[in-house]
Structures are given as structure tokens and as C-alpha cells.
Protein chains: 2
Amino acid sequence: MNDMKNLTIQDIAEKAGVSIKTVSRVFNNAPNVRQQKRDLVLGVARELGYRPNISARQLASKRSFVLIHFYDNPNMDYLSGIYDGMRAACSEKGYYAVAERLSLHNRSYKDSLLDYLTRSPVDGVILSPPISDDKAVIREIEKRNIPCSLISPGIKKRHCINVFIDEKTAGRKMTEFLIARGHTKLAFISGLDTHTASSQREAGFWSAIEAHGLKRKDMVRIGGDFSMQSGFTAFEKLAKSKTRVTGVFAGNDEMAIGTIIAALRAGMKVPEDISFVGFDDSAFARSMWPPITSLAQPIGEMAGLSAKKLIDWIDTKERAENDFEFPTEIMVRDSCP
Amino acid sequence: MNDMKNLTIQDIAEKAGVSIKTVSRVFNNAPNVRQQKRDLVLGVARELGYRPNISARQLASKRSFVLIHFYDNPNMDYLSGIYDGMRAACSEKGYYAVAERLSLHNRSYKDSLLDYLTRSPVDGVILSPPISDDKAVIREIEKRNIPCSLISPGIKKRHCINVFIDEKTAGRKMTEFLIARGHTKLAFISGLDTHTASSQREAGFWSAIEAHGLKRKDMVRIGGDFSMQSGFTAFEKLAKSKTRVTGVFAGNDEMAIGTIIAALRAGMKVPEDISFVGFDDSAFARSMWPPITSLAQPIGEMAGLSAKKLIDWIDTKERAENDFEFPTEIMVRDSCP
DNA sequence: AAGTCGTTTGACAACGTTGTCAATATTCGT
DNA sequence: ACGAATATTGACAACGTTGTCAAACGACTT
């Protein structure tokens, strides 16, 4: 149905007066092509507007030029950050970025993984939490000998690329920010405990408390599940508690929003009566009113580096470094100015 | 790098004792294959776990088996609804669903469209608002003779499949819902005027006002831009207005959330002092507290039908019907019970 | 000037499917 | 029961790339 005539290597080769194989070499950055020919071919190709045919390439090379991101995290903001980062890095190198949800609670997740990997083989895999900690998934990928990168894994794997922030330090940094603002009675709203990063953030919280000589009994710890809803109920629990806190550290922005809304409904002023900090620097944290002070991790760059290193690994068949730590930044906004 | 051995048609053909062409026919649901052979081939294929190789298929047939959704709408909830609907319909027919952001504000959007269409040709395109009203994009697609489906277009196109709800009727229905709850002084918070659907919803609002003999001067019309932020500022404008409204109709859920939060901050009770209705039935409308009464459109089904009709069109090279209207439903929740 | 060795180039056969068209079964009409 | 018409099958050539391997070229050595 698509009527646009597509140029082939043949056309370029004829016009440039070289063999098709040389053109192929140029487009694959293969070694052993004289610079002069390389320029010639590139010039002709640009002039004619040639684009390699992916299918033929995949078929002949038995490579898919696809990196896939498996996720099971409903946070769209986080996902699109990853996707954008992957895309940018991929398209630069002629690869394609694909995202696929792999629900771990689904009985047949493994089948769908197998199915996916078999139907349209991928050259590299990126896993984000909580899948970056799923041993069964990692094993399947390893079994197929597919290069793999883990974003924020709880435990770093030697045979994978690991890309992460220091969650504990970040949690501590955020807590110290609250303390520096004069808050000495704090609440920590945790995420799911199965999410290793969440526990590490909490560890950072407690380490800050100890380091600054604050009393554990002035702190309230409430269990949440990362949802806005759990933020609402967290506030209710908070209101019932004997301790009157002035600062709340929510394990992510959605819970922060939920808690803030509940506080507003209860007639409290934010940040005058109670201050809030979140985690993730999501779009909603920015557009909430008051906007929420939140910890930003450069997720796009992290995904971009994942993709780039994965492609290097695929192309060269070896990996120089394994672990890449990224810095975080506190985005100060009105919920805790 | 992917070491899994892949079966070919050849393998199946040999084991089943037929020609490769017959196997090909079976997998393409081609006519003129005796049922007995069809079953035989299918049986062997299942037994061996055969999967057709997509690249080879694409190369030989010059079809991509890809439907692409071009969007420029930051609402992730809406997007994933569309994606899920597409996916379901596509995988049923052996097609692939792809989503690509096409930013209209980006100077080079047209290049990236061309680039995309040329690099990996697609068999069908789905456009969602606001792109479903972009003449330049539609023209490019038409020029290539690619079947195209428009979701909620402002103006229906004869040579495209149009899938939509009756926005005006929906706007009217929602307004009448407020009126039936006893609200006679209302506010309407509009979306971007470039978004045709938004104007139509507003038209529905005013038609309900007239039909029920309410006075135009008891109504407040505030211009928003679909963002949560614009919901906050809308409430400020509302507070300044002479008219004290008891019911607010926000053009989408995000603005509804913004407005509700502003109202809560101002010390108002929702829904006792002021009731709210939104539009889109997004996840946030459901998880907000109070949960927001909102108008649900079956976006997943709409996208699914788009994909299905597109595939029919591609396969048969003709189109029976053009226009498909879907029903809407008011999801009654606590913000306006 | 011939020999050697690495570098550059190209001819041709894959890759796993579908399209074309001719060959062979089957069914139908009389 | 016999052609004629139709339904089913298969052989073989695409599709546009990359892999392989041998040939041609160059720069050095001697």
C-alpha cells in the first residue's frame, strides 16, 4: 500500500561506481574502506536520500537492531523518561527502542517473555525495577546470551550493565534537607518493601536521623505502596499518631500528592503547618500546587547510557565497565521551600 | 548474540510432507488450502513451536505488518489506553503496534515523520488529537497511500476511518447531570481552543443551559489548557468572579484535579460546598480523593476498532464503512455524587 | 624488480519468507 | 463418462541486505 519507491544499495552502488558490498560496509561503519570511497558513497546516498531497508538487514545479519525495555511499573512518567532516553541513544546508532510490559504477577509472564524473545529476537534488554531484580527473568535472558542492562537493581549483577543512583545517600540527603529546614519531627512514608530501592531510601532516612542526634520516637514510619491512594490513608494514620510531625518524606511523588491533598482537606496549610518532600521529580510533582520539593534522578540519561553501553557491548562483543552511578539533585519547590 | 535456533518454513514443510508454499499459505490464512492440509501443517507447527520470521516476511511481502500511532498528547493515561487497544487488535491478526510522538511544535516534525515512514514503512496509521486534525500530516500519509484512522477528529475525513464519540452530546449530558443534581450556577473550564473536541464539549454545555432555561449570566466560562496548573488558576479566577457557582464542569480530569485542590486549599468542602465533574475518566480521577465524577469514553475499544478496521482495509484493500461512533458513560463518584 | 604481507574491493551465495505462474487434482455439467 | 471449469499444489525466482572468501591493490622489504 505504501507507494513510495525505495532506493536500494544497488542504486547507490551504481551511481557511485562501486560494489554493493562497499556501500554496505560504509553503512555499517565497517573497517577497511578508503576514506575517499566512504565520502563518495555517503555523498551519493545523501543526495538520493537512501535509507537502508531494516527487514533485509535483519534477515541477512540475523540481528534485530532492537533494544527492548521490560517493565512492570505503572508510573508513566518514569517510563516515558526511560523511553525517551533509550530512543535518543538508539536512533543515534541505528537501533530501535521497544518497551514491553512484563507483569510479574501474571502467571504466564515467562511465556510472554519467551514468546517475545522468540518471535522478534532482540539484541539487547533493559530492565527497570522491579524487574531488574527478578532472577528468573535475568536467567532467561542470560541463557540466550543477550546483553542486558539493569536500571536501579537492588543487587548489582556482574554479567550485566548496572546503572543506578545511590538510593541510600539520596534518602539521607533528602532527610538532611528537611532537618536543615528546622524539622525535627518527621514522618517517612515508605513504598513497597519488595522494591529494594525503597528500603534503601528508608535506610538513608534513619541514618540521617541518627547522624543528627534526633530521637527515633519523634519519627513516624508509615507503610505505603507508591500509590496516591496510599498517600491519603497514610495521612489518616499520621493524624491518629501521637507524634505531631512538621515534615513528611514520601517515598515517591504520588504518595506525596495523596498525603498533601489529605492534609489540605483536613484544613492544614502547606508548607506553613506541614512540609512535604517527594521522590522522583515527576511531572505531577511539578504541576501540583504547591509544587513538590522532590529528588530528581536523571532517568533519561540513565536509560540513554544503558542503551549506549548495550550497543557498544553488542557491536564489540565485549564490555569495558559494568557499573555506572549517577548523581541526584533536590528540586526545591514550595511544598518545602 | 541470540543463540536460540529458529525453525523455518522448510522444517515444517519437510516434516508435514508438503511444499513450503503450502505452509506459507496456511500461515497467511490464504484461500485454497484443503482443510486437511491446513490442520496437518498447523499441528506440525505447533508441535515444533514454529514462529514465522518477521523480517523475512516483511522483506518478501513488502508489507511491514506494523500499525503506528502518532500522537502529541502528553496524557499518558489516554495514550496507554490507545496502545492497549491497538495491541490487542494487532496481535490477534499478527500485526505490530508502534507508538511514536510527533511533536507539532517541533520544526522538524515533518522530517521525523518522513524519516519514520521511509525507514520502516508502516502499513497503517492511527492519529489521535491534536494530530488527527493536522492537515499536513494527513496529506503526507495520503500521498503515500497508507490507510489511516483518525481518533476523535475535529472534522471527519472521507478518505480516512473516523472513530469518535459525540463530544457535543457528551458535554451536554455531563451538564445535564449537574443540573439534575440541582446545580443552577455553573462554571465551565475549557481546554485549548485548538482542540476541536474541547469546543464541542463547550457547545454541549451551552446547549444544555439553554434547553433547561438557565440564565447565561449565572454561568462562568474560564479558559484553561488541559493542565493541572490551569485548573489551579481557574479556581482563582472563579473566586474573583461575582457569580458563586456550586457546580464545576472541567474540560478534562487534570484541570478538575487542579481546581479541586485549589478549592480545598481555600477551605471549601467537596462536594458539600462545590461539586466537580471532569472528562476522560483517567486513572487520576479514580484515585483522587474525593474520586472525580467523570465522563468515560471507551478509548481502548476505539483504538481497537481503529486497528481492526485498518487491518481489514489493508488486507482487503477496501473499506466498507468510514465512521464509527462510540457511546460514552458518566462514571459517578464522590466529587459530584 | 620481485616477493611479501596487509588492506581494500567485489562476486556470489546466503537469510526465510511471499509472489507468480504453471502443473496437477478435483468437481461439475451434460 | 468426458471435457471444461475450478480448486489446490509446488518450483522457482524475487525481496534488499550481509557473510564469506577470493582477487586485486599497495606499500614495504629485500
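Throughout, protein chains are lettered first and strands after them, A, B, ... in sequence-line order, and every chain is numbered starting at 1.
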- Message: If you take any heavy atom closer than 4.0 Å to DNA chain C, which residues from residues 12-31 of chain A end up in contact?
- Response: A:Val18, A:Ser19, A:Lys21, A:Thr22, A:Arg25
- Item | Options D:dT8, D:dT18, C:dT17, nucleotide nearest the side-chain atoms of A:Arg57 | D:dT18
- So, are B:Glu142 and B:Lys157 salt-bridged, with charged N and O less than 4.0 Å apart? no
- Message: Consider side-chain contact (heavy atoms from CB on, under 4.5 Å). Of B:Ile311, B:Val125, B:Val98, B:Val122, which one does B:Leu67 pass it with?
- Response: B:Ile311
- Task: Assign B:Tyr50 to base, sugar-phosphate, or nothing according to its heavy-atom contacts below 4.0 angstrom with the strands shown.
- Result: sugar-phosphate
- Message: If I take atom CG in residue A:Asp11 and atom C1' in nucleotide D:dC15, what distance separates them, rounded to the nearest angstrom?
- Response: 14 Å
- Note on the structure: Whole-Å distance, B:Ile9 CD1 to D:dG10 P, equals 13 Å
- Query: Of all the choices, D:dT18, D:dT9, C:dT8, which nucleotide is nearest to the side chain of A:Arg34 once you look at every atom?
  - Reply: C:dT8
- Item | Carboxylate-amine/guanidinium proximity below 4.0 Å for A:Asp312 and A:Lys93 | yes
- Computed from five pairs at either end and rounded to 10 degrees, the angle between the axes of the helix from C:dA1-D:dT30 to C:dT30-D:dA1 is 30°
- Show your working on side chain to side chain contact (heavy atoms under 4.5 Å, CB included) between A:Asn29 and A:Arg38 and close with a plain yes or no. CA-CA 9 Å; A:Asn29 285 314; A:Arg38 199 180 287 276; 4.2 Å; yes
- Protein-nucleotide distance (B:Leu59, atom CG; C:dG19, atom P), rounded to Å: 12 Å
- Message: Counting only side-chain heavy atoms from C-beta out, which of C:dG10, D:dT9, C:dC15 sits nearest to A:Lys62?
- Response: C:dC15
- Message: Using whole Å, what does the distance between atom C1' of nucleotide D:dG16 and atom CD of A:Gln58 come to?
- Response: 12 Å
- Grab the CD-P distance between B:Gln35 and C:dT26 for me, whole Å please. 16 Å
- Task: Evaluate ring pair (Phe, Tyr, Trp, His ring centres under 6.0 Å) for A:Tyr50 paired with A:Phe27, printing each intermediate quantity in order.
- Result: CA-CA 11 Å; A:Tyr50 165 75; A:Phe27 275 91; 5.1 Å; yes
- Query: What integer distance in Å separates B:Arg51:CZ from C:dT17:P?
  - Reply: 13 Å
- Query: Is the charged tip of B:Arg57 near the ring of B:Phe65: under 6.0 Å from the six-membered ring centre and within 45° of its axis?
  - Reply: yes
- Task: Go through C:dT17, D:dT17, D:dC15 for me and flag the one nearest to the A:Ala60 side chain.
- Result: D:dT17
- Task: Using atom NZ of B:Lys37 as one end and atom C1' of C:dT24 as the other, report the distance to the nearest whole Å.
- Result: 11 Å
- If you measure from the Lys or Arg side-chain nitrogens to the Asp or Glu carboxylate oxygens, is any gap between A:Lys308 and A:Glu301 under 4.0 Å? no
- Task: Find the distance B:Arg63:CZ to C:dG19:P and express it as a whole number of Å.
- Result: 8 Å
- Task: Look at B:Asn32 and D:dT8 and indicate whether a side-chain polar atom (N or O) is within less than 4.0 Å of OP1 or OP2.
- Result: yes
- B:Asn53 (side chain) donor-acceptor with B:Ser55 (main chain) under 3.5 angstrom: yes
- Message: Taking salt bridge (Lys or Arg N to Asp or Glu O under 4.0 Å) as the definition, give me every residue that meets it alongside A:Lys156, ordered by chain and number, with sequence neighbours left out.
- Response: none
